[in-house]
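Both counts, for ligands and for their atoms, begin at 1 and track the order of listing.
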Amino acid sequence: MRTQVAIIGAGPAGLLLSHLLAQGGVDSVVLETRSEEYVAARIRAGILEHSSVELLESAGLGARLRAEGDEHRGIYLQWPDERHHLDFVNLTGRSVWVYGQTEVQKDLIAARREAGQEIVYEVSDVSLHDVDSDRPYITYTDKNGQTSRLEAAAIAGCDGSFGPSRSAVPAAKTFERVYPYSWFGILADVAPSTDELIYAWHPDGFALHSMRSATVSRLYLQVPNGTDPQSWSDDQIWDALATRLGHDQNGWKLNPGPITDKSVLPMRSYVQTPMRHGNLFLAGDAAHIVPPTGAKGLNLAIADVALLSKALVARIAGKDDRLADAYSETAQRRVWRCTHFSWWMTTMLHTSGDPFDAELQLAQLRWVASSEAGATGLAENYAGLPIFI
Ligand code: APR
Ligand code: PHB
């Protein structure tokens, strides 16, 4: 089998890349280890920054997002006894949208199906060959046990943090920070108790009140690494959330409800550079991981493939290599900006147990909430980065 771009991974990076390439007249085949049902149901963060919404809209993927997503002006930042609203629209002219990654993924699958795009699910033994030549290819085993070979002009490694693409870049440089805490996330069938997301610093640990819809809430608690989600009862979870989010303070109440999903996510920052080797290009989680505080993971994947699709269309259809040659360096500028922002939000909001850290965090939170310069810095990074920086 031959195609112009062989894409490994049918997450948001791989599917959006395939969609944008098709719009530029470049064919692709997507290979995915999991089933379609699995990739369409994965639960991940649900915040789209302004430029991600613009990009999805301009690619014809904005209809359900506009109809069912929820536009938010900002967030609440809080610590015991104080809650402050940061209004991103007033501060930067940009908003964010609450629209689950699961929904983005479903829209991408539907759009690729409508276009007749080939997505080969449930493959195994994916290996990359000759990526530094003009005739790179992939070998894999399909779900019937048949071994196949897929040749392409370029390979896009969109296979997340566990796929084979990142290790096919020889002598890559890697940067990593592992955090000493995790997020315990729940989904609950209850209306959100807040109009905007609440990011809460608390001596017991960070808490976040997010949401998926008018009837579904998503909440998180900072917990020690290695926590078993089944070791907490539903009552213990709601009690900890109520304490950390400030139930009964200034008349605010947290409404509990039936919990439909519990999971624990470890947190780390990871960057690999370069994001290109010969005709292999990395995008999304294959090249970088951010901790979830600030919800940059999906937005960064979208920004990577916005750049990469242009670079591959120019290289393959226009015989112009300039964007492909600049891809890694251009993408890394945004990667490091978001790596810094996610690290900053994470270390400002999670308790370490050290009283000196706690006082610095509170001083920083008070400054961000009370200074227009401080608030604008957070708002610009959260909502306002242009797609090309
Ligand atoms: N062959 C084919 N596909 C693979 C392989 C492989 N060997 N290994 C992994 N995959 C698939 C995974 O099953 C997954 O569907 O690659 C896909 C990668 O998708 P994501 O993990 O969603 O990564 P990405 O598309 O880069 O999206 C980034 O996901 O983790 C979140 O916070 C992150 O929101 C961000 C988004
Ligand atoms: C989520 O809704 O899952 C979410 C929201 C904001 C974050 C992280 C996760 O910073």
Side-chain angles (χ1 to χ4, degrees), residues 6-18 29-36 38-49 52 70 72 75 96-105 108-109 119-128 138-142 150 155-168 183 185-187 192 196-199 206-213 216-220 261 263 265 267-268 270 275 282-305 308 338 341-342 345-346 349 382:
I7 300 175
I8 311 178
L15 292 177
L16 181 59
L17 178 64
S18 165
V29 169
V30 183
L31 301 178
E32 167 61 51
T33 43
R34 303 286 193 162
S35 66
E36 178 173 336
Y38 181 92
V39 298
R42 262 185 307 220
I43 301 168
R44 263 108 170 248
I47 305 292
L48 292 171
E49 59 186 69
S52 299
D70 208 4
H72 283 233
I75 58 165
V96 293
W97 282 70
V98 172
Y99 188 62
Q101 182 169 321
T102 317
E103 305 312 312
V104 174
Q105 180 81 22
L108 284 165
I109 292 172
I119 304 175
V120 189
Y121 289 103
E122 297 176 63
V123 300
S124 53
D125 307 323
V126 173
S127 341
L128 297 82
I138 296 172
T139 52
Y140 64 94
T141 306
D142 71 17
L150 174 61
I155 295 176
C158 301
D159 43 358
S161 45
F162 303 109
S165 299
R166 71 161 55 151
S167 52
W183 274 17
I186 62 159
L187 264 183
E196 304 271 38
L197 272 67
I198 306 171
Y199 286 82
F206 170 70
L208 171 63
H209 190 328
S210 181
M211 57 203 74
R212 288 289 177 271
S213 68
V216 177
S217 296
R218 176 84 168 141
L219 299 109
Y220 298 95
D261 188 81
S263 58
L265 357 158
M267 320 239 299
R268 68 184 179 125
Y270 175 92
M275 289 165 66
L282 303 180
D285 278 16
H288 41 72
I289 304 289
V290 288
T293 333
K296 285 293 165 205
L298 172 60
N299 293 294
L300 214 40
I302 290 174
D304 281 353
V305 298
L308 182 55
C338 293
F341 177 66
S342 309
M345 287 285 279
T346 300
L349 287 162
Y382 199 112

So for Leu208, does at least one of its heavy atoms come nearer than 4.0 angstrom to any atom of ligand 2? yes

Logged contact type for Arg44 with ligand 1, heavy-atom cut-off 4.0 Å, is side chain

Just by modelled atom types, is the Ala10 backbone N or O under 3.5 Å from a matching donor or acceptor in the Gln105 side chain? yes

Within the 4.5 Å heavy-atom criterion, are Leu15 and Ile119 side-chain neighbours or not? yes

Please verify whether a non-hydrogen atom of Gln105 lies at under 4.0 Å from ligand 1. no

In the protein, what heavy atom is nearest to atom 8 (C) of ligand 2, and what distance, to one decimal place, separates them? Pro292 O, 3.2 Å

Those atoms of ligand 1 less than 4.0 Å from some heavy atom in Gly284: 26 (O)

Taking the side chain as every heavy atom from C-beta outward, state whether Pro292 and Leu265 have any atom pair closer than 4.5 Å. yes

Do Lys296 side-chain atoms and Ile289 backbone N/O form a donor-acceptor pair below 3.5 Å? no

Kindly identify the option in Arg42, Arg34, Lys296 whose heavy atom sits closest to atom 14 (C) of ligand 1. Arg42

Looking only at distances, can you tell me whether any N or O atom of Ala13, backbone or side chain, sits closer than 3.5 Å to an N or O atom of ligand 1? yes

Is the closest side-chain heavy-atom distance between Arg218 and Val216 below 4.5 Å? no

Is the shortest distance from a heavy atom of Arg212 to ligand 2 less than 4.0 Å? yes

Residue, atom and distance of the protein heavy atom nearest atom 9 (C) of ligand 1 read Asp159 O, 3.3 Å

Can an N or O of Pro12 be found at a distance shorter than 3.5 Å from an N or O of ligand 1? yes

Tell me whether Gly294 has any N or O atom under 3.5 angstrom from an N or O of ligand 2. yes

When rounded to the nearest 0.5 angstrom, what distance separates OG1 in Thr33 from OH in Tyr140? 13.5 Å

among protein heavy atoms, the one nearest atom 7 (N) of ligand 1 is Pro164 CD, 3.1 Å

Assign the ring pair Trp183 / Tyr220 to parallel, tilted or perpendicular, where the plane angle (0 to 90°) is split at 30° and 60°. tilted

Side chains of His288 and Met275, heavy atoms from C-beta outward: is any pair under 4.5 Å? yes

Taking distance alone, with no angle check, do Asp285 and ligand 1 share an N/O pair under 3.5 Å? yes

Numbered in order shown, the ligand 1 atoms found under 4.0 Å of a heavy atom of Val126 are 1 (N), 7 (N)

Using non-hydrogen atoms of the residue, decide whether Trp183 is closer than 4.0 angstrom to ligand 2. yes

Pick from Thr33, Val123, Leu16: the one approaching atom 4 (C) of ligand 1 most closely through a non-hydrogen atom: Thr33

Can you pull out the closest protein heavy atom to atom 32 (O) of ligand 1? Residue, atom name and distance to 0.1 Å, please. Gly297 CA, 3.7 Å

Any non-hydrogen side-chain atom of Ser161 less than 4.5 Å from a side-chain atom of Arg166? yes

Ligand 2 atoms in contact with Ile47 (distance to a heavy atom under 4.0 Å): 5 (C), 6 (C)

Measuring only between side-chain heavy atoms, which start at C-beta, is Ile109 closer than 4.5 Å to Val39? yes

Let me confirm one number: the OG-CD distance from Ser213 to Glu103, rounded to the nearest 0.5 Å. 9.0 Å

min-distance protein heavy atom vs atom 18 (C) of ligand 1 -> Cys158 O, 3.4 Å

Pull out every atom of ligand 1 sitting under 4.0 Å from any heavy atom of Ile8, numbered as shown with elements. 1 (N), 2 (C)

Looking only at heavy atoms, which two atoms of Met211 and Val98 are closest? And how far apart? O-CG1, 3.3 Å

Among all protein heavy atoms, pick out the one at the shortest distance from atom 6 (C) of ligand 2; state its residue, atom name and that distance to 0.1 Å. Tyr199 OH, 3.2 Å

Roughly how far, to the nearest 0.5 Å, is OG of Ser263 from CD1 of Ile43? 7.0 Å

CG of Leu349 to CG of Leu208: how many Å apart, nearest 0.5 Å? 9.0 Å

The atoms of ligand 1 lying under 4.0 Å from a heavy atom of Gly160, numbered in the order shown, are 18 (C)

Polar contacts were defined as any N/O atom of the residue lying under 3.5 Å from an N/O atom of the ligand; does this apply to Leu298 and ligand 1? yes

Of the protein's non-hydrogen atoms, which lies at the shortest distance from atom 19 (O) of ligand 1, and what is that distance? Gly11 CA, 3.4 Å

Got a second to check how far Leu282's CG is from Ile155's CD1, nearest 0.5 Å? 11.0 Å

Under 4.0 Å from ligand 1, counting heavy atoms only, is it the side chain of Ala45, its backbone, both or neither? neither

Would a distance-only check, ignoring hydrogens and angles, find a side-chain to backbone donor-acceptor pair under 3.5 Å from Ser18 to Gly14? no

Measure the distance from atom 12 (C) of ligand 1 to every protein heavy atom, then report the residue, atom name and distance (to 0.1 Å) of the closest one. Glu32 OE2, 3.5 Å

Hey, could you give me the CD1/CE distance between Ile75 and Met345, rounded to the nearest 0.5 Å? 5.0 Å

Min side-chain heavy-atom separation Arg44-Leu298 under 4.5 Å: no

Quick check on contacts: which atoms of ligand 1 are under 4.0 angstrom from a heavy atom of Gly9? 3 (N), 11 (C), 16 (O), 17 (C)

Below 4.0 angstrom from a heavy atom of Val39, which ligand 1 atoms are there? Numbered from 1 as shown, please. 15 (O)

In this structure, atom 8 (N) of ligand 1 is nearest to the protein heavy atom Gly163 CA, 3.6 Å

Using only atom types and a distance under 3.5 Å, with no angle test, would you say the side chain of Asp304 pairs donor to acceptor with the backbone of Gly284? yes

When you compare ligand 2 with Tyr382, is there at least one nitrogen or oxygen pair between them that comes in under 3.5 angstrom? no

Is the shortest heavy-atom distance from the side chain of Asp159 to the side chain of Pro164 under 4.5 Å? yes

Just distances here: any N/O of Ser210 and N/O of ligand 2 closer than 3.5 Å? yes

Element-labelled atoms of ligand 2 that are located less than 4.0 Å from some non-hydrogen atom of Leu197: 5 (C), 6 (C)

Pull out every atom of ligand 2 sitting under 4.0 Å from any heavy atom of Gly46, numbered as shown with elements. 1 (C), 2 (O), 3 (O)

What residue and heavy atom of the protein are closest to atom 3 (O) of ligand 2, and at what distance? Tyr220 OH, 2.5 Å

Students should be able to answer this: which protein heavy-atom is nearest to atom 34 (O) of ligand 1, and at what distance? Gln101 OE1, 2.5 Å

